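Data block below; observations after.
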2 protein chains.
Amino acid sequence: MKPETRQQEIIRVAAKLFKEKGYSAVTMRDLATAMNIKAASLYNHINSKQDILESIIISIAEQFTEGMSSVRESNATCIEKLKEIIALHVEVSSTNIYGMAALNHDWMHLEARLNYYKKLRSDYENDFRNILIEGIKAGEISDIKPDVMMFSILTTLRSLYLWIPKKEDVNLQELSSNLNEILIKGVIK
Amino acid sequence: MKPETRQQEIIRVAAKLFKEKGYSAVTMRDLATAMNIKAASLYNHINSKQDILESIIISIAEQFTEGMSSVRESNATCIEKLKEIIALHVEVSSTNIYGMAALNHDWMHLEARLNYYKKLRSDYENDFRNILIEGIKAGEISDIKPDVMMFSILTTLRSLYLWIPKKEDVNLQELSSNLNEILIKGVIK
DNA sequence: CAAACAAACTAACAAGTGTTAGTTAAGTGT
DNA sequence: ACACTTAACTAACACTTGTTAGTTTGTTTG
């Protein structure tokens, strides 16, 4: 493990502040104070406030895209695929607690890369929906509107970042298996 | 139905803008433009930007508190109570699409009434958790960590505002019953 | 008609915004 | 010893922020 660069450190601290107050409410002076330097000094390491937000969000979005690509190409059953998706969210969320907040709350403040982000998200949702539709065809999954099922599962998974840090001793394995129970048993026939 | 006062109209339009960009990113000039007046003119009707946020959030939070109070005092089974909670969220969310966004994203920007809001929220969650715990004792509900179940159900319900407006012809009755299926069947033993 | 009110306006302010320019000082590699 | 890099600084910029003061205009009410 290479030590964190100053830039990465700034981005990490920024993500934490963004989680607490939201992107728009965090000023470069807030960020500088949290780093114990002056606002102008930040610009030795980063290009702009926008850039910080972009690198936080896009990096996570791409992790999800990659993860979904693995799931898509596995030849597990649809229920197994759902479990893989749950594990993916637990993994990505637990290693990006602060970034997930920015992704969920502040994606609309992306500018140059807004459309790219939206494409990643809608592709992800399409893959998700297709898994559900296949599962319904195969008789593995309840024949309820796939969009409602997807919405229900996905909003829970997308909000994990709110939840994981609350419990002192989150056992991620246990959380994953609890979510498997709760989310799947409502979907499986 | 009395016609909407100018103040209510401003608050309604503000909620819409808050949903799109978040409280902090919406300026009084944005709001004024959306109302087709000048920023200063807003102050004939409202006291401050803060006040707008407060009245949006607190009003909804109190609707949930009231609704939960009905549920608490009914003598239905725990599963029935869960269904009542789902119906409550569908009802409140569908009639406050924009306000729900502010409640979910911008509650931390409440100032004077932040603690009041937090109390309402934690009381609500305690009532919710107690219903689950009772249900587990009574053998109606799976013996999984109640907090994880609550988290899963509640984040789905809290995100309804993101979902409802997407579908052109949301049949709220149907949505409610789909959610009953999906959320409950994963919890019931 | 006169008084009161509702709802808009212009002008301004003090504070805060992201960002740039230019400088300094302490290491690091040759 | 030398240039290079890293990481901080001060000072300033043009612009935007929420908000206040004071005024004008049309409508309602006594």
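Below, chains carry the letters A, B, ... as their sequence lines are ordered, and counting in each starts from 1. Keep in mind it's a predicted model, so treat the numbers as computed, not measured. When reading the values below, keep in mind they use all heavy atoms of this one structure, side chains included, and skip hydrogens, waters and symmetry mates.
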**Request:** Would you kindly give the CG-to-C1' distance between Asn36(A) and dC9(D), to the nearest whole Å?
**Result:** 14 Å

**Protein-nucleotide distance (Glu4(B), atom CD; dA6(C), atom P), rounded to Å** = 17 Å

Are there any protein N/O atoms within less than 3.5 Å of an N/O atom in nucleotides 13-20 of chain C, and if so, which ones and at what distance?
from	atom 1	to	atom 2	distance (Å)
dG18(C)	OP1	Lys49(A)	NZ	3.2
dG18(C)	OP2	Met28(A)	N	2.9
dG18(C)	N7	Arg29(A)	NH1	2.8
dG18(C)	O6	Arg29(A)	NH2	3.0
dT19(C)	OP2	Tyr43(A)	OH	2.5
dT19(C)	OP2	Lys49(A)	N	2.9
dT19(C)	O5'	Tyr43(A)	OH	3.2

**Request:** Measure the distance from NE2 on His45(B) to C1' on dT19(D) and round it to the nearest whole Å.
**Result:** 15 Å

**Message:** Between C1' on dT16(D) and CG on Leu31(B), what's the gap in Å once rounded to a whole number?
**Reply:** 16 Å

**Request:** Could I get the full list of ring-ring contact (aromatic ring centres under 6.0 Å, His included) partners for Tyr23(A), not counting sequence neighbours?
**Result:** Phe18(A), His109(A)

**Atom CD of Glu66(A) with >12 non-hydrogen neighbours under 6.0 angstrom** = no

**Request:** Answer yes or no: is there a donor N or O on one side and an acceptor on the other, between the side chain of Glu134(B) and the main chain of Ile131(B), under 3.5 Å?
**Result:** no

**Item:** Phosphate-side-chain proximity, Ser41(A) and dA7(D), N/O vs OP1/OP2 below 4.0 Å
**Value:** no

**Item:** Length of the CD-P vector between Gln7(B) and dA8(C), whole Å
**Value:** 13 Å

**Complete:** Per atom distances to the Lys38(A) side chain, the nearest of dA7(C), dA7(D), dC9(D) is dC9(D)

**Asked** Under the ring-ring contact (aromatic ring centres under 6.0 Å, His included) test, which residues partner Tyr98(A), sequence neighbours left out?
**Response** none

**Tyr124(B) and Phe64(B) aromatic ring geometry - parallel, tilted or perpendicular at 30°/60° bounds** = perpendicular

**Item:** Atom pair distance, as rounded to whole Å: CD in Glu9(B) and C1' in dA7(C)
**Value:** 12 Å

**Prompt:** If you draw a 6.0 Å radius around CD in Glu73(B), do more than 12 non-hydrogen atoms from other residues or ligands fall strictly inside?
**Reply:** yes

**Prompt:** Sequence neighbours excluded, which residues qualify as ring-ring contact (aromatic ring centres under 6.0 Å, His included) partners of Tyr161(B)?
**Reply:** none

**Message:** With the threshold set at under 4.0 Å for non-hydrogen atoms, list the residues of residues 105-116 of chain A touching DNA chain D in residue-number order.
**Reply:** none

**Prompt:** So do the side chains of Arg12(A) and Glu4(A) get within less than 4.5 Å of each other, counting heavy atoms only?
**Reply:** yes

**Side chain Ser69(B), main chain Thr65(B), donor-acceptor under 3.5 Å** = no

Using atom names, set out every protein N or O paired with an N or O of nucleotides 23-28 of chain D below 3.5 Å, distance rounded to 0.1 Å.
none

**Request:** Rounded to the nearest 0.5 Å, what's the gap from CG on Asp106(A) to NZ on Lys19(A)? Could you check?
**Result:** 13.0 Å

**Asked** So does Glu125(B) pair up with Arg158(B), basic N to acidic O under 4.0 Å?
**Response** yes

